[in-house]
2 protein chains.
Amino acid sequence: MPRLADPALPERRRGQILDAARECFRERGFRLTTIEEICAQARISPGALYRYFDSKADIVAAIALDTRAQAEAALDALPDDHGLIDGIAALARAFFEAFEQDATLFADIWAEAAGDPVLAKALGARDRATRERLTAVIERAQRAGAAYPSLAPADAAEALMAALEGFALRRTLWKDRDISEAVRRFRTLALHLLKPKR
Amino acid sequence: MPRLADPALPERRRGQILDAARECFRERGFRLTTIEEICAQARISPGALYRYFDSKADIVAAIALDTRAQAEAALDALPDDHGLIDGIAALARAFFEAFEQDATLFADIWAEAAGDPVLAKALGARDRATRERLTAVIERAQRAGAAYPSLAPADAAEALMAALEGFALRRTLWKDRDISEAVRRFRTLALHLLKPKR
DNA sequence: ACCTGAACACCGTTCAAGT
DNA sequence: ACCTGAACACCGTTCAAGT
């Protein structure tokens, strides 16, 4: 019998549960999937699951923050020269793709956040960080002459994020419409916001 | 004993229940409010409630469609001359105000729609109608020279609606931020989309 | 015809007992 | 230290019985 427990176990278990949850949410949506289903998928008992997550909402929160973190990381690769618009469009595509299979999850996350101050605060902090990075990129682009400076960088960033999320939200309704169409529309919007001269 | 039932009763009951539901949702959010709470507020029994609505989701659906219908009606009053931008801004303010007290409801409606094909279809039909009206307004404005024609009217309409809903969504996270700030940001976006020359 | 409210079904969460 | 799974609590929905 080991005196010390496996220090990697908690992280492994959390990953195991999150993977199972994503799989289930994808199949039946957040509302309809049961803790028992997640447990079956993760080959674990309810009691064990609650050792690693406080609640079902806590599981969505973890997934939401993870997705956000990935999106934010992609921002660092954004060029601030004349490739800016295309970079933003690529980012939008990645964002839409992240929610392609679990389209409903996007809406569920926001609904959960709206009713759960803890998740709201965590998501809010991530969101602020994301917006600040995007603002910085736009600011540099304006200085470099790659973006039109009539719009305050912070306003442009907020508008772009709102539009991106708005398109993602609307895509949950029109599941038939393909991603490229959404990307094209978002790209057009970004172009008008950042380079109105062209 | 009357041979014919009061023909206005069903509509009255539905209104009574919807008012009660709105009140409850405002206070505790969609998730947390209980059918029993709505019943208490409406002074009616659960059995009676289910005579007028199929499910809890059906109640949100009714509220969602009602809110949408109001927003759509406001579109008719939109000027297609140089007051267009201000008209759109006023519309955005009304939209934000409609969800001011039940901020979480906005996200809940989408989450519900994402998981409920019936609601999705109903909301989708309304949405299409709204977009077509907005498209027509923009088209007229472009012809009148009040909007810049570089953007296809349908794309502009879709972008504006996505942005409007994106801002509304994000407002559920930042409850502190006042409406005027959101309206100002949306107005700026609309300006860049429709009148990039200025 | 419309309503009541107890009963049912389901599911998120807990906890006493195991190894 | 970690896990199991039966039990609990809660709530959306139904339905037999009332008027």
Side-chain angles (χ1 to χ4, degrees), chain A residues 1-18 20-22 24-25 27-63 104-105 108-109 111-112 115-116 118-119, chain B residues 1-18 20-22 24-25 27-63 104-105 108-109 111-112 115-116 118-119:
Chain A
M1 200 158 291
R3 302 220 7 228
L4 281 185
D6 178 358
L9 180 61
E11 210 40 54
R12 208 170 64 236
R13 282 272 185 276
R14 280 181 66 94
Q16 183 182 350
I17 292 165
L18 287 181
R22 259 187 270 253
C24 292
F25 291 161
E27 223 136 304
R28 311 218 311 132
F30 172 67
R31 308 287 182 92
L32 290 181
T33 92
T34 273
I35 290 288
E36 203 171 338
E37 285 170 358
I38 298 175
C39 288
Q41 180 76 25
R43 299 179 186 285
I44 213 174
S45 71
L49 185 147
Y50 278 91
R51 169 175 276 268
Y52 299 101
F53 290 94
D54 288 342
S55 64
K56 196 182 174 187
D58 195 28
I59 296 176
V60 226
I63 294 178
T104 76
L105 195 57
D108 280 321
I109 286 168
E112 211 53 46
D116 175 356
V118 177
L119 175 54
Chain B
M1 201 159 291
R3 301 224 4 230
L4 281 184
D6 178 357
L9 180 62
E11 211 40 55
R12 208 170 64 234
R13 281 273 185 278
R14 280 181 65 94
Q16 182 182 350
I17 292 165
L18 288 180
R22 260 187 271 252
C24 292
F25 292 160
E27 222 135 305
R28 310 220 309 133
F30 173 66
R31 307 289 182 91
L32 290 181
T33 91
T34 274
I35 290 288
E36 202 170 340
E37 286 169 358
I38 298 175
C39 288
Q41 180 75 26
R43 298 180 187 285
I44 213 174
S45 72
L49 184 147
Y50 278 91
R51 169 176 275 268
Y52 298 101
F53 290 95
D54 288 343
S55 64
K56 195 182 175 187
D58 194 28
I59 296 175
V60 226
I63 293 178
T104 77
L105 194 58
D108 280 320
I109 286 169
E112 211 52 46
D116 175 357
V118 178
L119 176 54

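Letters A, B, ... are given to chains in the order of the sequence lines, protein chains preceding strands, and every chain is numbered from 1.
Atom pair A/Ile44:CD1 and D/dC3:C1' shows a separation of 9 Å (rounding to whole Å applied).
Across all strands shown, B/Tyr52 has heavy atoms under 4.0 Å from sugar-phosphate atoms exclusively, and none from any base. Among the atoms of the strands shown, none is found under 4.0 Å from any heavy atom of B/Arg43.
Smallest separation of non-hydrogen atoms from B/Ala21 and B/Ile63: CB-CD1, 4.3 Å. The two atoms that bring B/Phe30 and B/Leu105 nearest to each other are CB-CD1, 4.5 Å, heavy atoms only. Taking all atoms of both residues into account, the shortest heavy-atom contact from A/Gly115 to B/Thr104 is N-CG2, 4.4 Å. Shortest non-hydrogen contact noted between A/Tyr50 and A/Ser55 is CE2-CA, 4.0 Å.
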Contact string for nucleotides 5-19 of chain D, one letter per nucleotide 5' to 3', B = base within protein heavy-atom range under 4.0 Å, S = sugar-phosphate only, - = neither, reads B-----SSBBB----

Cut-off 3.5 Å, no hydrogens considered: what does the side-chain donor-acceptor table look like for residues 11-18 of chain A, sequence neighbours left out?
from: A/Arg12; atom 1: NH1; to: A/Asp6; atom 2: OD2; distance (Å): 3.0
from: A/Arg13; atom 1: NH1; to: A/Gln16; atom 2: OE1; distance (Å): 3.0
from: A/Arg14; atom 1: NH1; to: A/Tyr52; atom 2: O; distance (Å): 3.1
from: A/Gln16; atom 1: NE2; to: A/Ala42; atom 2: O; distance (Å): 2.8

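With sequence neighbours left out, B/Ser45 forms a side chain to side chain contact (heavy atoms under 4.5 Å, CB included) with B/Ala48. Residues that satisfy the side-chain hydrogen bond (donor to acceptor under 3.5 Å, both in side chains) test with B/Arg28, not counting sequence neighbours, are B/Glu37.
Applying the salt bridge (Lys or Arg N to Asp or Glu O under 4.0 Å) test to residues at least two apart or on different chains, none of the pairs has a partner in residues 46-57 of chain B.
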Watson-Crick and G-U pairing of DNA chain C, under 3.5 Å, as dot-bracket with | and [ ]:
||.|||||...|||||.||

